[in-house]
Amino acid sequence: MEIARAAAELFMRHGLRATRAEDVARAAGVAPRTFYRYFASKEEALGPLFSAGAEKWAEAVRDAPAGLSVPDALRHAVVRTLTPGVGVRPESMEWVRSLLRLAEGSPALRRVWGEACQGAERTLMEVLAARLSPARDAVEAGARGGAVPADGEASAGAVSGDAVSGGTVSGDAASGGAVFGGAVSGGAGPYVAAAGVRFGAAVAGAAVRVAVETWAAGDDPADGPAGPVPRALSHLEALRDFPWDAV
């Protein structure tokens with residue numbers, strides 16, 4: 001991380017092209033061979049910074065109050081991590097803006113940013129799966145004949161959601177054990193559920209990533225009405241009706 005911070009400072013001060021890996025090593029107080037032990041290129045030196053920022057949001061979803069629904073946990077995490085003075089220092093947001101602008105002009109740096117976002121997406125998928133597992137356990141218990149509490153009483157294996165009964169899984173009125181997102185039935189349930197969580201994590205991650213990238217491309221203040229938080233919250237509305245109960 002020390003090398004990553006040194007690289008970020010040099011890139012912003014002198015530009016990416018004018019900065020060599022050896023310059024980064026010197027600024028970080030390490031030998032060039034030590035630099036190359038960790039990073040294959042100067043662009044990759046930003047990986048720890050990018051990853052730390054991207055992972056922070058996913059971890060905030062993990063730390064959101066357990067009673068929150070998944071959509072509310074996602075919004076809670078956005079506010080906690082992207083609001084200047086709350087979860088991030090105002091100067092850090094300007095670093096983000098500068099580094100993402102550099103990435104726009106560098107395919108190698110864009111690749112490093114993309115890899116960091118993919119890593120955070122995998123973390124988010126695990127976090128969402130953990131948040132959804134208690135509800136999924138209740139659904140499975142109901143399918144075995146136990147009562148599943150919803151807004152009222154669900155019986156005979158009914159699954160909460162739109163009061164779909166007889167062991168069906170909520171979605172677009174899928175029946176006979178069908179699972180949302182393609183009406184896959186039978187033993188495919190666990191696979192489809194995992195795919196649904198992955199899809200939801202991908203959309204949520206893209207919602208926040210695009211919000212930060214589009215904000216960084218302009219000059220709006222981070223704490224203003226066109227900052228990354230309002231943008232991300234607006235994008236996450238696309239998941240408001242996502243059938244989390246079915247994944």
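Nothing fancy with the numbering, it's 1 onward along the sequence. Nothing here was measured: the structure is a model prediction, and the numbers come from that model. Heavy atoms only: backbone and side chains are in, while hydrogens, waters and symmetry mates are out.
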Enquirer: Taking atom CD of E44 and atom CZ of R111, what is their separation to the nearest 0.5 Å?
Expert: 7.0 Å
Enquirer: Does V210 belong to the same Ile/Leu/Val/Met/Phe/Trp/Tyr cluster as L109, with side-chain heavy atoms less than 4.5 Å apart forming each link?
Expert: no
Enquirer: Is L82 close to V88 at the side-chain level, that is, under 4.5 Å between some pair of heavy atoms?
Expert: no
Enquirer: Show your reasoning for whether salt bridge (charged side-chain N to carboxylate O under 4.0 Å, His left out) applies to D72 and R240.
Expert: CA-CA 9 Å; D72 286 340; R240 177 173 290 277; 5.8 Å; no
Enquirer: As an exercise, state the distance from CD of E237 to CG of D241, rounded to the nearest 0.5 Å.
Expert: 9.0 Å
Enquirer: Can you tell me how far the CG atom of L10 sits from the CZ atom of R26, to the nearest 0.5 Å?
Expert: 9.5 Å
Enquirer: Looking only at heavy atoms, which two atoms of F11 and L102 are closest? And how far apart?
Expert: CB-CD1, 3.6 Å
Enquirer: Answer yes or no: does atom CZ of R80 have more than 12 heavy-atom neighbours from other residues, nucleotides or ligands under 6.0 Å?
Expert: no
Enquirer: Between W215 and M93, is any pair of side-chain heavy atoms under 4.5 Å apart?
Expert: yes
Enquirer: Taking all heavy atoms of V78 and all of A232, pick out the closest pair and write down the distance.
Expert: CG1-CB, 3.8 Å
Enquirer: I would like to know whether T19 and R13 meet side chain to side chain contact (heavy atoms under 4.5 Å, CB included); could you show each step before the answer?
Expert: CA-CA 9 Å; T19 303; R13 189 182 308 151; over 6 Å; no
Enquirer: If we only count heavy atoms from C-beta on, is the P65 to H76 side-chain gap below 4.5 Å?
Expert: yes
Enquirer: Is a donor on one side and an acceptor on the other found under 3.5 Å between the side chain of S98 and the backbone of E94?
Expert: yes
Enquirer: Before you tell me yes or no, could you show the steps for V86 and V79 under side chain to side chain contact (heavy atoms under 4.5 Å, CB included), namely the whole-Å CA-CA distance, both residues' side-chain angles and the distance that decides it to 0.1 Å?
Expert: CA-CA 8 Å; V86 176; V79 174; 5.6 Å; no
Enquirer: For a 4.5 angstrom cut-off between non-hydrogen side-chain atoms, does P71 reach W244?
Expert: yes
Enquirer: What residues form a side-chain hydrogen bond (donor to acceptor under 3.5 Å, both in side chains) with R20, not counting sequence neighbours?
Expert: D23
Enquirer: For the pair K56 and E59, find out whether any cationic side-chain nitrogen is under 4.0 Å from an anionic carboxylate oxygen.
Expert: no
Enquirer: I need the minimum non-hydrogen distance between A7 and A45, along with the two atoms involved.
Expert: CB-CB, 3.9 Å
Enquirer: Does L99 form a side chain to side chain contact (heavy atoms under 4.5 Å, CB included) with F50? I'd like the steps, not just the answer.
Expert: CA-CA 9 Å; L99 294 176; F50 281 157; 4.1 Å; yes
Enquirer: Closer than 4.0 angstrom, basic N to acidic O: yes or no for E104 and R101?
Expert: no
Enquirer: Main chain of A217, side chain of R97: is a donor-acceptor contact present, judged purely on distance under 3.5 Å?
Expert: no
Enquirer: Tell me if the CD atom of E2 is crowded by more than 12 foreign heavy atoms within 6.0 Å.
Expert: no
Enquirer: Run R209 and E213 through salt bridge (charged side-chain N to carboxylate O under 4.0 Å, His left out) and show every step you take.
Expert: CA-CA 6 Å; R209 174 180 56 79; E213 289 175 345; 3.1 Å; yes
Enquirer: If you look at every heavy atom in W95 and R5, which pair is closest and at what distance?
Expert: CH2-O, 4.2 Å
Enquirer: Linking I/L/V/M/F/W/Y whenever any side-chain heavy atoms sit under 4.5 Å apart, do L68 and V70 land together?
Expert: no
Enquirer: Quick one: pull up CH2 in W57 and SG in C117 and give me the separation to the nearest 0.5 Å.
Expert: 10.5 Å
Enquirer: Assess the residue pair T83 and D223 against the criterion (side chain to side chain contact (heavy atoms under 4.5 Å, CB included)); give the C-alpha distance rounded to whole Å, side-chain angles, the decisive distance to 0.1 Å, and a yes or no.
Expert: CA-CA 7 Å; T83 302; D223 57 354; over 6 Å; no
Enquirer: So does A103 get a backbone contact from the side chain of S106, meaning a donor-acceptor N/O pair under 3.5 Å?
Expert: no
Enquirer: So, does T34 use its side chain to make a donor-acceptor pair with the main chain of V30 at under 3.5 Å?
Expert: no
Enquirer: Looking at every heavy atom in both L49 and A4, which two are closest together, and how far apart are they?
Expert: CD1-O, 3.6 Å
Enquirer: At what distance, to the nearest 0.5 angstrom, does CG of D63 lie from OG1 of T81?
Expert: 11.0 Å
Enquirer: Kindly say whether V208 contributes a backbone atom to a donor-acceptor pair with the side chain of R231 at under 3.5 angstrom?
Expert: no
Enquirer: Quick check: closest heavy atoms across V212 and L100, and the distance to 0.1 Å?
Expert: CG1-CD1, 3.7 Å
Enquirer: Give every donor-acceptor pair under 3.5 Å between a side-chain atom in residues 118-130 and any protein atom, sequence neighbours left out.
Expert:
{"from": "T123", "atom 1": "OG1", "to": "E55", "atom 2": "OE1", "distance (Å)": "2.8"}
{"from": "T123", "atom 1": "OG1", "to": "E55", "atom 2": "OE2", "distance (Å)": "3.1"}
{"from": "T123", "atom 1": "OG1", "to": "G119", "atom 2": "O", "distance (Å)": "3.3"}

